Amino acid sequence: MLSAIWETEGLQTVGIVMLVFASIKLLHLLGLISFSEDSVEDELELSTVRHRPEGLEQLEAQTRFSRKELQILYRGFKNECPSGVVNEETFKVIYAQFFPQGDASTYAHFLFNAFDTDHNGSVSFEDFVMGLSILLRGSIQEKLNWAFNLYDINKDGYITKEEMLDIMKAIYDMMGKCTYPALREEAPQQHVEVFFQKMDKNKDGVVTIDEFIDCCQNDENIMRSMHLFENVL
Amino acid sequence: MAGGVAAWLPFARAAAIGWMPVANLPMPVAPTEKNKRQDELIILNVSGRRFETWRNTLDRYPDTLLGSSEKEFFYNEETKEYFFDRDPDVFRSVLNFYRTGKLHFPRYECISSYDEELAFFGIISEIIGDCCYEEYKDRKRENAERLMDDQEDNKDAKLPNMTFRETMWRAFENPHTSTMALVFYYVTGFFIAISVITNVVETVPCGSSPNQKEVPCGERYTVAFFCMDTACVMIFTVEYLMRLYAAPNRYRFMRSVMSIIDVVAILPYYIGLVMTDNEDVSGAFVTLRVFRVFRIFKFSRHSQGLRILGYTLKSCASELGFLLFSLTMAIIIFATVMFYAEKGSSSSKFTSIPASFWYTIVTMTTLGYGDMVPKTIAGKIFGSICSLSGVLVIALPVPVIVSNFSRIYHQNQRADKRRAQKVQKARLARIRIAKTGTSNAFLHSKRNGLFNEALEFTSSTEEEQRLKSTSLLESQHHHLLHCLEKTTNHEFVDEQYYQQSYLEAGLQNYSSRSPSLSSQDGVTGTCCTRRSKKHHTPLPNASAPAHLQPLTHTHTHHQGLQELSTIHIHPLSTSRSSLNMRVDGPASLNCQSNQITTAIISIPTPPVTTPDGDLSHQNVVKVSAL
């Protein structure tokens, strides 16, 4: 008799287990629970973003490059970024190739923000060419404007000491470790002090665009160096 | 610098305008393109197939055949194209390397022909992209092993002048080298077999005396078996001692698997000799006899197949481990289930969960002895599920083990895990060297370029032209790095120089003994005030020997006439000479190989060979340019 009770109990156990499994399967079928992790295929679709630049004539009108120069620029650009846009990672990788001894990623980040004028996280060929047009063919005023924009990290129209310190550290990072004389911790800070002493005329702790342009125009070294890269293309 | 980003160099240089307002020093002059060519198409005719590309594309890698002036040797004047009598299919990969910066290895290509083409075009194989690198390395290794196998057959030629010990070792390792070795080989094999058979027969019940029960032969003919055992152990001991004597590295031999098997095989006998007739330990002694069966493993020296099997099992350890683990899990689960299912039935054999383990194992491996069977319906259901899952779980890792075995069997022995580690390290080291090569190239050309400027004043045109061997791209890149130096007011130096100058920041005095030209004394306060050196007048002419004195390092200090930027020049002399002055330590730089230094050697400096000429020491020559 004991065995009969146990037999039925055993069968009941089997029944309960099967019921539980069936309900789980039903929920899975209904899509309420999922067993597998998110598939990787979703990510792949996002990466194939294509971008085609505006026509050659339009770019010629908007920038100060000749047709041939635009052709050369685009060929190089497209070779490195076949999808037509550069995102920040690629930008950093490209820029780092030119400075093998140091770490160029912070400066590349600031540079990326300076080029990405519409702040959409990617630099298209138009952004690229516009930036280059200012840097290579622009007037002194425009170039200084661009430099100010680069230093002004939060784009509020003032360069504070902290922003300048960030930029300076990024530049010094590019030098790397093996320098002569050896790089000291205070070097960027000192450089920032020198800069502010020169630029900040009214000693209010920030540099505005007018102070900046004024001061640069009075400095012969800076003026001369602005013309340095004009024959780059 | 990777060729692909050469197109971005104009951008990087333009972006350098961002440093200008920050810099305190004047910037260096930009390199001008003296003969600026329009970008032109070059036609490369490879065995009739024409490839066309821009000249700039090929110029990206100046240290390869197509990127350097070496391709001029292949220029065909009549057809105005470069003709190469090589395989056009492989050339596709080579040309794609220039275009994209990545070298790919096509799978259908033969590894040795690909290597030949790479060698011809001057491309090192380490830069094959990660997508194709594994395949390339595997094929290369297979090829190397195939060649090695062919060579091994010719390896048995006896080397002259081998000591007795070496001969003996060779005889042990390769039995077919001499007749003595062969005899020894067969004798040991015979005795191993005898020993194993003896152990087996020892336990067979022999014919019995009528009044006694059956006794095993071992107890009936004790003396005979003892003599047999002794003889075998003698032979094994002698063999082991001889191997130990002949081994080139005794410590390593003693740790090897085969020697451990040898020791384990003969040890029970000696322990038995020592501990006879001691009642307390006789039980343990009996157990020790089990280890005599390890003598059968000595056969693995005689059989290649056995060794391969052992190696397979070792290399499939992870799969076997997985099999064991999953079986254990399943056993525990099913044993528990069966126990609880069978709990109620009378006279159930499933008395506890560990007792159910036995049933589960027997069922999962489909043995099915039948000594334990479930009686309840639930038990039978779970029992059938158990046996079905057992089949599946065991079947899964088996194909992996089988394929492993066949792979190893076909390739004989491989110590490839160890070799793969070394190869990976070597590859990474080479890529790192290539990377430091770019920074070193800048450092070298910086000195070359400045030396060049110094020479310009002396208007010696032949040296000028010889020094202008850097491409325009490189000179622009170096100008960019130079601007960065000026912005931050620090200079790039290489690792060794940095280490040394770092160390010497603590030292106070320097003395430089050197033949002086016309030196003036002068101490200038500089940012590195701890060094005090002497000034030097400007370099009079290029033919002056390079025995120049070290100069003080002046930055932007106004010192009247001396206020010119002093420049460091490190002439790299690859000849075995260290000029007399061993200038204070930081003069040791690495003689890195580069393609620019050929110009420097042509400077007419008489190399002074000193008796203690040191290759690694070089000179810091500081010149001031007026």
Side-chain angles (χ1 to χ4, degrees), chain A residues 2-3 5-7 9-11 13-14 72-73 75-77 79-80 94-95 97-101 110-111 114 128 131-132 135-136 143-144 146-147 150-151 167-168 171-172 174-183 187 191 194-195 199 212 216 219 221-222 224-226 228-229 231-233, chain B residues 1-2 4-27 30 32-33 39 99-100 340-341 343-346 376-379 381 435-436 438-439 476-477 480-481 483-485 487-495 497-498 501-502 505 527-528:
Chain A
L2 191 63
S3 61
I5 296 178
W6 275 103
E7 283 247 19
E9 283 212 21
L11 281 175
T13 323
V14 173
I72 297 177
L73 279 174
R75 282 204 291 259
F77 185 85
N79 217 6
E80 195 61 27
I94 292 174
Y95 204 68
Q97 305 255 9
F98 295 108
F99 302 97
Q101 279 195 328
F110 294 132
L111 213 53
F128 179 69
L132 275 190
L135 286 173
L136 298 177
K143 289 183 190 174
L144 290 174
W146 190 90
L150 174 69
Y151 299 148
I167 300 266
M168 204 61 77
I171 294 181
Y172 274 80
M174 283 197 286
M175 289 293 293
K177 195 180 53 130
C178 300
T179 58
Y180 173 80
L183 211 46
H191 208 145
V194 169
F195 179 78
M199 299 274 165
F212 183 73
C216 287
D219 187 334
N221 266 344
I222 298 181
R224 204 175 21 211
S225 56
M226 282 291 160
L228 200 57
F229 293 108
N231 62 341
V232 154
L233 263 190
Chain B
M1 190 173 65
V5 295
W8 288 72
L9 187 60
F11 154 73
R13 300 183 68 216
I17 288 197
W19 308 332
M20 299 300 141
V22 170
N24 301 324
L25 302 171
M27 290 292 143
T32 51
E33 308 162 10
D39 203 3
R99 293 184 181 132
T100 62
Y340 282 112
K343 204 162 162 195
S345 78
S346 55
T376 60
I377 299 181
I381 292 176
K435 263 199 214 152
T436 57
T438 55
S439 52
Q476 285 180 342
H477 187 205
L480 183 66
L481 293 173
C483 284
L484 183 61
E485 284 185 341
T487 309
T488 56
N489 210 6
H490 289 72
E491 284 180 16
F492 285 112
V493 291
D494 68 359
E495 187 84 31
Y497 192 94
Y498 170 71
S501 65
Y502 204 58
C527 50
C528 332

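In what follows, every chain begins at residue 1, and chains take the letters A, B, ... in the order their sequences are listed. As the structure is a computational prediction, the values presented were derived from the model and not from experiment.
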When rounded to the nearest 0.5 Å, the distance separating CD1 of A:I222 from CD1 of B:I17 is 12.5 Å
Whatever's closer than 4.5 Å to a heavy atom in chain B on A:Y151 counts as side chain
When the 4.5 angstrom heavy-atom criterion is applied to A:I171 and chain B, the contacting part is both
query = Is any side-chain heavy atom of B:R13 less than 4.5 Å from a side-chain heavy atom of A:F98?
reply = no
Using a 4.5 Å cut-off on heavy atoms from C-beta on, say whether the side chain of A:F99 contacts that of B:L480.
yes
Give the ring-plane orientation class for A:F128 versus A:F77, where under 30° counts as parallel, over 60° as perpendicular and anything between as tilted.
tilted
Counting heavy-atom pairs under 4.5 Å with chain B, the top scorer among A:M174, A:M168, A:R224 is A:M174
